[in-house]
Number of protein chains: 2
Amino acid sequence: MAKEKRDNGTEKAILDAARKVFTHRGFAGARMDEIAREAGINRALLHYYFRSKDKLFDLVFAQRAREFFLGLAGIIGGPGSLEDKIKAIVEHDIDMIRSQPDLPIFIMQELTQNPDRLVRMAVESGANPSMMMKAFRHAVKEAVDKKVVRPIDAGQLLINVMSLCVYPFIAKPMIKAVQELDDKQFEKMILKRKQEIVEFVMSSLKP
Amino acid sequence: MAKEKRDNGTEKAILDAARKVFTHRGFAGARMDEIAREAGINRALLHYYFRSKDKLFDLVFAQRAREFFLGLAGIIGGPGSLEDKIKAIVEHDIDMIRSQPDLPIFIMQELTQNPDRLVRMAVESGANPSMMMKAFRHAVKEAVDKKVVRPIDAGQLLINVMSLCVYPFIAKPMIKAVQELDDKQFEKMILKRKQEIVEFVMSSLKP
DNA sequence: ACGTGATTTAACCATTTAGTTAAACTAATA
DNA sequence: TATTAGTTTAACTAAATGGTTAAATCACGT
């Protein structure tokens with residue numbers, strides 16, 4: 001650990017720690033102290049690198065939001081058939097969230113608290129929702145025209161797919177309780193779920 | 001407002017305010033001051049009625065969790081065919097959340113922060129997840145046996161239905177941004193969504 | 001061995017926040 | 001009118017927290 005720090009890894013160590021703590025506790029619940037401890041340094045140095053909690057949070061949030069969106073945007077807006085896209089979304093979402101289970105709640109919570117942030121970020125990053133949705137709508141239309149899938153609203157379909165992927169992680173404690181699963185069984189359920197979702201969606205889309 | 005207070009409505013006013021503030025801000029982000037203001041009283045009186053933030057929060061959380069679960073548990077565990085249940089779940093979920101949009105994030109956030117709480121509450125309330133799930137599995141099995149629906153894992157199906165209902169509210173700011181909707185259009189989308197979900201699920205379940 | 005930048009230590013400040021208290025006030029009621 | 005419960009005011013305490021600072025220490029390359 002000492003080595004990493006000396007090797008100029010401190011900034012990264014802090015960002016990692018901040019990401020972890022902010023993501024887990026949310027902005028209001030996060031303590032600069034905990035971030036410092038988690039990074040293996042002290043508060044003084046923490047403020048030496050990043051002036052304030054707000055500044056640090058903004059960096060973390062922007063980074064996390066990009067993580068969450070950028071890959072997705074590429075898939076949704078990119079080329080490929082509807083079925084390809086659906087499979088890719090599911091694969092991407094589940095893998096991403098599995099490695100960072102409390103990412104979605106974090107994003108959603110802070111976003112409801114301050115929706116403008118998303119707009120600002122979107123503008124900066126040059127993301128283009130309307131092109132993305134256009135590509136997705138096009139894929140849907142194509143599949144419908146080919147009679148591969150029944151007619152369906154593209155917006156609703158996209159929400160459906162995302163819902164099926166993301167929600168289980170958000171509701172994890174609830175699901176564990178209701179279905180009486182331990183962590184191992186939950187993990188197993190999630191893994192099965194990848195195919196389950198694709199099957200569920202494609203089955204629903206049959207004309 | 002003055003009247004209500006004198007009419008012994010103060011306690012209720014406080015609980016309403018606390019519900020609102022806690023639900024919106026989360027425990028860490030909530031301020032006793034804001035609760036008092038929201039209730040139209042002052043901090044002194046707030047503490048006079050409810051000793052501490054924690055105590056008040058526990059009450060609110062228990063109440064909100066009951067709101068969220070009890071109705072659902074009745075539907076899932078109660079009588080009726082699978083299709084009836086699915087329709088009832090969708091109806092119930094969407095209506096409930098529509099009137100309290102940030103209820104789900106609140107529950108999930110605080111629950112990930114402290115999963116034991118759910119277990120404790122479940123025990124106290126005498127809820128019985130295993131019976132509930134048993135009833136639901138039974139409904140699924142029955143439908144499968146009658147060849148009304150294709151074979152499917154009951155646990156996954158339940159998660160699917162809940163996902164489709166709850167997630168859109170959690171992701172509201174994101175959905176608004178990506179699909180470029182204003183509040184009015186979002187509301188419209190949610191309303192359409194009731195039938196959309198039922199159609200989506202039932203279509204997927206066709207044998 | 002020296003100098004430099006990174007890091008720690010430890011003290012400190014200012015602000016926010018939960019929670020308390022005593023005294024004054026209000027309105028209904030006995 | 002005197003009592004009483006509910007309420008406000010205003011002051012206060014104690015703790016937590018974000019942020020700062022100066023001096024000491026450490027590790028490294030020259």
Side-chain angles (χ1 to χ4, degrees), chain A residues 1-64 106 109-110 113-114 117, chain B residues 1-64 106 109-110 113-114 117:
Chain A
M1 176 175 273
K3 253 182 224 163
E4 290 160 39
K5 273 192 280 179
R6 305 287 138 50
D7 290 350
N8 163 2
T10 305
E11 191 168 324
K12 186 177 183 311
I14 294 177
L15 281 171
D16 286 348
R19 205 180 34 170
K20 185 166 169 183
V21 174
F22 277 134
T23 308
H24 187 70
R25 307 258 189 217
F27 177 80
R31 297 288 159 252
M32 293 300 271
D33 215 28
E34 192 182 348
I35 294 176
R37 236 182 306 126
E38 180 73 35
I41 57 163
N42 52 23
R43 260 170 39 252
L45 193 59
L46 179 55
H47 281 97
Y48 172 79
Y49 273 86
F50 300 90
R51 268 216 166 25
S52 72
K53 187 181 181 184
D54 295 80
K55 290 232 168 67
L56 186 51
F57 180 80
D58 281 346
L59 289 178
V60 168
F61 185 83
Q63 184 195 334
R64 303 246 70 177
F106 170 69
Q109 162 87 314
E110 303 297 341
Q113 224 55 214
N114 187 352
R117 198 175 253 136
Chain B
M1 175 175 275
K3 251 182 224 161
E4 288 160 40
K5 274 192 281 182
R6 302 288 139 48
D7 290 350
N8 163 3
T10 304
E11 191 169 324
K12 186 176 182 311
I14 293 178
L15 280 172
D16 286 347
R19 206 181 32 171
K20 186 167 170 183
V21 174
F22 277 133
T23 307
H24 187 69
R25 306 257 189 217
F27 177 79
R31 298 288 160 252
M32 293 298 272
D33 213 30
E34 192 182 348
I35 295 176
R37 236 182 307 124
E38 181 74 35
I41 58 164
N42 51 24
R43 262 173 33 254
L45 193 58
L46 179 55
H47 282 97
Y48 172 79
Y49 273 86
F50 300 90
R51 264 209 169 33
S52 73
K53 189 182 180 183
D54 295 79
K55 291 231 168 66
L56 186 51
F57 180 80
D58 281 345
L59 289 178
V60 168
F61 186 83
Q63 184 195 335
R64 303 246 72 177
F106 171 69
Q109 162 87 315
E110 303 297 341
Q113 221 59 210
N114 187 352
R117 198 176 252 136

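Here is how names work: the chains are called A, B, and so on, in the same order as the sequence lines, proteins then strands, and each is numbered from 1. Computed from a predicted structure; not experimentally measured.
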With respect to the phosphate group of [N], does any side-chain polar atom (N or O) of [X] fall under 4.0 Å of OP1 or OP2?
| X | N | result |
| --- | --- | --- |
| A:Tyr48 | C:dT7 | no |
| B:Arg31 | C:dA18 | yes |
| A:Thr10 | C:dT7 | yes |
| B:His47 | C:dT20 | no |

Would you call the rings of A:Phe27 and A:Phe57 parallel, tilted or perpendicular, taking 30° and 60° as the class edges?
perpendicular

When the distance from [atom1] of [X] to [atom2] of [N] is rounded to whole Å, what number comes out?
| X | N | atom1 | atom2 | value |
| --- | --- | --- | --- | --- |
| B:Arg51 | C:dT20 | CZ | P | 7 Å |
| B:Leu45 | C:dA22 | CG | P | 17 Å |
| B:Lys12 | D:dG6 | NZ | P | 18 Å |
| A:Lys53 | D:dG19 | NZ | P | 8 Å |
| A:Arg37 | C:dT7 | CZ | C1' | 18 Å |
| A:Tyr49 | D:dG19 | OH | P | 18 Å |
| A:Phe57 | D:dG18 | CZ | C1' | 16 Å |
| A:Asn42 | D:dT21 | CG | C1' | 13 Å |

Can you tell whether the side chains of A:Asp16 and A:Lys12 come within less than 4.0 Å, N to carboxylate O?
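A salt bridge links A:Asp16 with A:Lys12.
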
Treating B:Lys53 as the side-chain partner and B:Ala30 as the backbone partner, does any N or O pair qualify as donor plus acceptor under 3.5 Å?
yes

Quick one: does any side-chain atom of A:Gln113 pair with a main-chain N or O of B:His24 as donor and acceptor, under 3.5 Å?
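Yes: the side chain of A:Gln113 pairs with the backbone of B:His24.
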
Looking only at N and O atoms, is any donor in the side chain of A:Arg43 or the base of D:dG19 less than 3.5 Å from an acceptor on the other one?
yes

Remember a base hit wins even if backbone is also touched, and classify B:Ala36 as base, sugar-phosphate or nothing at under 4.0 Å, heavy atoms.
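No contact.
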
Determine the contact category for A:Ala28: base if any of its heavy atoms lies under 4.0 Å from a base atom, sugar-phosphate if only primed atoms, P, OP1 or OP2 are that close, otherwise nothing.
nothing

For A:Ala44 and A:Asp33, find the nucleotide of DNA chain D closest to each by heavy atoms; which residue's nucleotide sits nearer the 5' end?
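Residue closer to the 5' terminus by nearest nucleotide: A:Asp33.
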
Should the pair B:Arg64 and B:Phe106 be classed as cation-pi, given the thresholds of under 6.0 Å to the six-membered ring centre and 45° from the axis?
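Cation-pi check for B:Arg64 and B:Phe106: fails.
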
